[in-house]
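First comes the structure, then the notes that go with it.
Below, read A as the first sequence line, B as the second, and so on, with proteins coming before strands; counting in each chain starts at 1. This structure is a prediction, so every number in the text was calculated from the model and none was measured.
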Amino acid sequence: MAKLTIDGGAIEVADGTSLFDACRLARGEALPHFCYHPDLSIAGVCRLCQVEVEGMPKLTIACNTTVRDGMVVHTRSEKVRKASQQILEMHLINHPVDCPICDQAGECGLQNQYMAYGLYDSQVAESDKVNKAKAQVIGPHVILDKERCVLCSRCVRFCNEVTKTGEMGIFNRGDRAEIGTAPGRELDNAYSVNTVDICPVGALTSRDFRFQKRVWMLKSADGVCAGCATGCNVRVDHEAGRVYRLKPRRNAQVNGSWMCDEGRLTYKDVHADDRLVEPSWRGQAVTWADAKARLAEVAVGGFALVVGSAHQSLEELGLLKLVAPGAVFSGGLAGSDMGVGDDLLRSADRTPNRRGLQLAGLPEHDAAALAVLVRAAKGAILVHGGDPAAAPEVAAALAGRQDVVYVGTHRRATAQAATLALPGATWAEKAGIFVNRQGRAQAFAQAVARPGQAREDWRVLAELLPATAAAPASLKALREAVRAQLGLGIDLDRLPADGALTGGEA
Amino acid sequence: MSFEGLPKGSTDGRRSPLESIYLWEVVKGLAVTGRHLVHNIFHTGEMPTMQYPEEKRVYGERFRGRHRLMQREDGTPRCVACQMCSTYCPADCIHITAAEHPDPAIEKYPATFDIDLLRCVYCGLCEEACPCDAIRLDTGIYEIAADSREKFVVDKEFLLNERTRGTR
Amino acid sequence: MEAFLFFACGALMLLGGVMMVLQRSAVVAALWLVFAFIAASGVFAALSAPFLAIMQVLVYAGAIMVLFLFVIMMLQGPVLEGERKRLALPMWPAVAIPPVAVLVLVGGWLANRRADALPAAPEGFGSPGQIATLLLGRYLLAFELISIVLLVAIIGALALGNRERKLPWS
Amino acid sequence: MAIVLESLAKIVFMFLLIMGMVPALIWAERKGAAYIQDRTGPNRAGIGGVRLAGLVHPIADVLKLVFKEDVAPTHRHRALYALAPWLVMTVAVSTYAVIPFGDFLTLGGHTYKLVVADLQVGLLYVLAVASLGTYGIVLAGWAANNKFTFLGGIRATAQMISYEINMGLAIMGLMLVFGSLRLTDIVAGQGGLLFGWLPMWGVVLQPLGFALFITSVYAETNRNPFDLPEGESEIVAGYHLEYSSLKFALFFMAEYCHMVVGAAMISALYFGGYQVPWLPRPMLEKHAGLLLQLVLGLTVAASLLFAVLFLRRVQREKGKFGDARDREPVLGAAFWLVVALAAAGAFALRPGDIGAAGASIFASLFQVGAFVGKVVFFAWLFIWVRWTLPRFRYDQLMRLGWKVMLPLGLANLVVTALVVALVGSGK
């Protein structure tokens with residue numbers, strides 16, 4: 001352990017801690033910085049985190065200094081302030097200051113720190129600035145503006161260290177130095193948009209989000225990516241009922257600071273044109289009141305077969321078990337929604353909650369087996385989520401039945417095949433829990449309002465409960481009921497920020 | 001409340017016997033209004049009333065009238081769709097959708113730029129906020145009238161056109 | 001002419017009275033009563049008593065019923081939900097009373113019709129002067145006694161209405 | 001049959017007189033209010049550029065009100081809601097039946113009384129009909145089923161009851177003086193002279209009664225300063241808030257009809273009605289020719305004055321508007337010049353000898369003219385007072401009615417009765 005004094009206060013940290021982290025602890029906020037990133041190597045190129053250490057002749061950068069016992073550090077002295085100011089001014093010499101058209105404005109490191117420490121009247125005339133290329137498409141997801149770059153090298157290190165693809169580099173010297181892709185290369189790895197996230201200025205911007213919304217108008221909700229079984233923690237940025245982008249939320253246990261490009265685009269499904277937005281009876285839109293009446297018609301003798309899906313939350317899967325205690329249960333199509341995985345973040349399993357399905361005890365069946373179950377069902381069938389009818393065998397088995405109830409989010413094959421289709425909510429429109437491939441239960445919050453007459457799935461399912469079962473009054477009560485039913489040892493309503501393991505690595 | 005400067009009679013709450021009968025005061029009041037009436041019948045030209053559509057009041061140069069969008073030399077809007085104005089707008093009357101401009105030097109331009117003139121409070125904060133001097137309220141147009149609410153929502157082309165008046 | 005007026009106004013008066021009884025809404029009932037008063041004034045007019053006719057309207061329709069209406073409205077407020085409803089079905093036969101009554105009246109009149117059945121009104125009959133002479137001459141005592149009775153009634157009403165409070169003179 | 005025709009003719013004359021005065025009064029109200037407040041007032045509506053100083057506006061108003069959508073509240077009492085405006089209008093118009101608008105007219109050897117119905121109890125008839133006017137307002141307020149209209153109705157009831165009593169007391173004083181309830185008698189009784197020089201008008205004989213009466217009339221017509229049933233500042237527009245289109249127009253017209261009735265009552269009861277002071281009927285007939293020439297001469301002079309005023313405007317406002325409105329002063333000047341010429345022509349025809357029959361007709365017309373003139377003046381007084389005085393507070397209104405005017409009215413009655421008993425009535 002090392003004892004040191006920072007800004008007059010004593011602090012004790014483990015040996016080997018960087019001075020940057022020690023200062024963050026002591027100050028309660030990080031030192032100004034561009035190049036430092038907790039999940040990347042130390043470059044020490046931006047020189048912005050300089051602090052005054054007594055006994056050292058000059059200021060030193062905190063990120064590349066390890067703490068030593070007895071250090072006396074000043075982070076707010078006049079000398080440090082002046083140094084920050086001058087370094088920032090240097091960074092700005094060739095910066096175009098086109099904040100009005102820059103997507104980064106509002107979450108820009110340069111902007112924020114310049115407002116905090118800057119020298120407000122620039123000594124450099126605009127005409128003296130070195131002009132570089134603007135708005136270059138450097139990959140399928142990323143656009144580069146070389147002028148705005150402050151040469152922090154975060155993107156270069158990301159491509160070298162995380163994806164190990166090495167597309168990016170810094171070329172030329174002095175004030176001609178500029179960021180760019182290696183000759184003949186494109187920034188086309190599966191994690192390329194992370195460079196946009198870590199870029200402290202607007203040099204790298206996302207093509208998908210570009211000009212869609214000013215960031216200060218966005219509100220955020222904590223979510224979990226539903227794109228695959230990894231369950232990357234994300235921030236859902238939304239405004240006025242619309243999700244605009246997903247950004248990774250740091251969870252060292254799951255995804256570090258990253259997420260894949262594919263996962264970022266999963267929000268598009270939330271606003272798809274084929275959303276199921278109102279109850280439909282034999283393809284005709286009806287009101288909820290009508291739908292309830294029809295439901296009594298269809299499920300007059302209860303459900304004989306209940307088909308769940310790995311796309312639904314743990315609470316819903318647990319509730320499903322209560323809907324029809326005597327029914328045959330299925331977890332949907334086995335091996336559906338499979339893609340290509342890698343050893344970084346992406347799983348081949350493109351469902352967010354297959355582990356949850358297993359926890360809830362819903363066995364998956366292949367198409368033929370599911371078709372057999374459907375044909376064997378001597379009562380109404382309830383399909384919740386997923387799209388089992390996408391398999392031709394299942395579709396054939398469902399065809400002609402007049403007692404299929406579907407609760408889901410999109411008007412796809414199963415919704416078409418169902419007699420009564422009830423609109424549920426997507427992951428962005430409800431709160432819930434996904435259990436990822438590690439068996440880690442992670443909670444996600446509701447970001448936007450549900451479209452049309454769609455309702456939270458668990459409320460829809462509660463309508464289907466037999467008269468003998470008490471419907472849960474709230475999500476909290478439902479979670480408690482599911483916890484008890486599945487025999488989990490964790491409080492589902494108060495999961496830790498980085499999730500809780502449900503037991504055993506998969 | 002201060003009663004200084006008012007005649008004493010009106011402040012002490014007591015009335016003279018003649019005043020308390022009220023009728024005489026009525027006659028005095030009638031005399032006052034009658035005087036105005038007769039004077040105005042013979043001096044119609046001296047009334048302060050402005051015959052509005054024919055005569056118009058001249059407003060100061062700083063009067064904030066209907067908005068206009070400034071143009072570049074080539075006639076395209078100066079606006080770069082930074083949405084500072086709509087961010088700053090206290091009435092939430094400006095709606096911009098941005099798009100990629102083919103010229104990377106311009107980079108961003110407003111694909112649509114709608115102002116709801118019914119919501120606008122003519123505070124002028126948008127022109128304060130604009131970094132490009134692209135929006136101004138200096139047209140001096142204040143006759144903003146239309147027969148449907150839709151016509152009060154004016155678009156980019158309308159605001160760029162210097163010959164448009166009032167509303168759509 | 002007078003006979004026709006008499007019977008027409010009489011029929012209207014009966015109609016007003018019956019409609020008043022049948023009404024569910026107090027306000028509408030009061031209005032039918034006003035209607036009956038005005039018809040009664042027509043009966044007086046037909047009987048060559050213009051002063052009484054006018055007084056009937058002035059006092060009953062113009063003052064007393066306005067006061068009634070005022071009180072009803074003060075206590076009840078704007079139109080109640082039930083007041084726009086129509087009359088209950090079993091009540092409708094009652095509406096038939098006025099026409100029947102008129103038929104009986106007219107029948108009786110036709111049966112006994114004689115040109116000199118109705119004596120001609122004497123000169124000045126029903127004029128303000130004559131009524132004044134009667135009231136302040138021959139019937140002065142009765143008139144004053146009635147005034148006293150009315151005064152006592154007013155004081156009694158006040159006393160009853162103010163029972164909770166202490167009266168200023170007690 | 002003749003009596004029916006005669007009555008019909010008189011009814012039509014009275015009705016036309018009132019209905020003609022309503023738009024004129026509306027115009028006077030708007031223009032007068034404007035001039036009193038140093039504004040220009042209505043001057044936009046015009047026919048071919050001629051705006052007649054806003055006189056076209058009442059026509060435009062009527063057209064607008066006729067063609068407007070009739071918006072009615074859903075929760076109204078249908079029958080009474082529809083009935084109320086007609087009740088108000090009917091009552092307003094039927095009061096005229098007993099007011100004499102002239103003495104008599106001799107035509108073809110037959111003498112016609114210039115009153116629709118010469119009732120024995122005319123004065124009471126006026127009171128009775130006026131008291132029924134309350135119903136229209138109360139029902140309008142109640143049937144619309146709106147809190148504000150309802151409050152307006154309630155206010156109207158209490159106000160009308162309070163001031164009807166004062167009105168009756170004031171009239172009783174007059175009745176004592178003239179010893180009759182017949183309006184023709186009362187007007188005829190005001191033809192004489194007191195002390196040989198003072199017209200024996202009601203206002204001279206009953207000054208306090210007049211003050212009480214005119215105050216009560218203002219309260220009964222719901223005109224400022226007693227227009228609390230409308231009270232825009234507290235109850236929006238009072239009883240007629242929920243009315244629109246023609247139904248609203250009826251209320252609006254009824255208000256002006258009431259004003260004309262009030263003005264006619266004031267002039268008939270306290271200002272000698274058709275009587276021209278110092279010019280009794282025989283004098284009128286004797287000097288008919290002279291008077292006619294005087295009238296024509298005055299017409300010429302007045303028309304010339306107007307013409308000159310218009311010519312000055314022509315000079316001053318040449319091409320001011322650049323459209324049809326520039327024609328207006330020219331047309332005005334031309335019109336008044338034509339009138340002046342016509343009057344001058346009639347003057348030159350020496351109408352001095354129009355014969356005995358002509359003299360009688362002229363005298364009748366002159367008296368009718370005098371009556372109409374008085375009515376116009378008092379109607380204008382209504383407007384003048386409205387734009388001069390502020391509205392009373394409701395408690396002030398009640399205090400004035402019950403605590404001030406009622407005792408004064410009783411005192412007036414007692415004093416009058418004593419004087420009449422001692423001196424003898426005006427008969």
Side-chain angles (χ1 to χ4, degrees), chain A residues 95-108 111 114-115 120 122 126-127 129-138 140-149 178 180 201-219 237 239-242 244-245 271, chain B residues 67-74 76-116 119-120 124-137 153 155-156 159-160:
Chain A
H95 190 86
V97 205
D98 53 357
C99 307
I101 54 169
C102 176
D103 265 346
Q104 193 80 2
E107 53 182 13
C108 172
Q111 225 177 28
Y114 205 70
M115 294 322 278
Y120 299 119
S122 177
E126 259 179 65
S127 51
K129 296 196 175 197
V130 176
N131 292 320
K132 296 171 188 165
K134 290 186 80 72
Q136 282 189 319
V137 177
I138 57 163
H141 301 297
V142 182
I143 280 181
L144 169 67
D145 187 310
K146 292 183 175 175
E147 274 186 344
R148 294 178 189 154
C149 179
E178 59 180 37
V201 292
L204 294 168
T205 47
S206 156
R207 289 178 76 178
D208 178 53
F209 180 64
R210 202 166 149 89
F211 300 160
Q212 293 306 301
K213 204 78 197 167
R214 299 318 306 250
V215 295
W216 54 80
M217 294 176 180
L218 294 171
K219 294 171 206 53
D237 283 349
E239 201 247 357
R242 209 174 168 80
Y244 282 93
R245 64 178 181 185
H271 304 301
Chain B
H67 324 63
R68 65 171 169 145
L69 280 177
M70 304 299 289
Q71 303 176 353
R72 297 173 203 266
E73 280 81 22
D74 61 357
T76 57
R78 268 194 210 169
C79 174
V80 294
C82 71
Q83 305 188 18
M84 288 292 158
C85 49
S86 56
T87 302
Y88 214 6
C89 180
D92 195 17
C93 73
I94 306 178
H95 302 282
I96 303 170
T97 41
E100 191 89 41
H101 197 276
D103 180 0
I106 296 172
E107 207 170 335
K108 196 176 176 184
Y109 81 103
T112 66
F113 191 110
D114 295 340
I115 295 183
D116 188 341
R119 294 198 69 154
C120 180
L125 286 179
C126 48
E127 59 181 350
E128 293 280 331
C130 185
C132 309
D133 191 21
I135 188 168
R136 286 192 194 166
L137 276 74
V153 181
D155 58 10
K156 184 174 72 176
L159 290 164
L160 277 171

By side chain to side chain donor-acceptor pair (under 3.5 Å), Q136(A) pairs with (sequence neighbours left out) none
Side chain to side chain donor-acceptor pair (under 3.5 Å) filter on R72(B), not counting sequence neighbours, yields none
Residues 89-101 of chain B vs chain A, non-hydrogen distance cutoff under 4.5 Å, contacting residues -> A98(B), A99(B), E100(B)
Looking only at E147(A), K213(A), R214(A), Q212(A), the option with the highest number of non-hydrogen pairs under 4.5 Å against chain B is R214(A)
When you check the gap from the basic side-chain N to the acidic O, do R148(A) and E178(A) get nearer than 4.0 Å?
no
Okay, D98(A) and chain B: the region with an atom under 4.5 Å from a heavy atom over there is side chain
dist I138(A):CD1 -> L204(A):CG (nearest 0.5 Å) comes out at 5.5 Å
Taking every heavy atom of R245(A) against every heavy atom of V215(A), the minimum-distance pair comes out as NH2-CG1, 3.7 Å
Contact check, side chains of P131(B) and P100(A), non-hydrogen atoms, under 4.5 Å: yes
For G202(A), is there any backbone N or O sitting under 3.5 Å from a side-chain donor or acceptor partner on T205(A)? no
* Asked: Looking just at side-chain N and O atoms, do T76(B) and D74(B) make a donor-acceptor pair shorter than 3.5 Å?
  -> yes
Scanning both residues in full, the closest heavy-atom pair of R207(A) with V137(A) reads NH1-CG1, 3.2 Å
Exercise for review: Please answer whether the main-chain N or O of L137(B) pairs with a side-chain N or O of H67(B) as donor and acceptor at a distance below 3.5 Å.
Suggested key: no
Filtered by a 4.5 Å non-hydrogen cutoff, the part of residues 108-116 of chain B contacting chain A is K108(B)
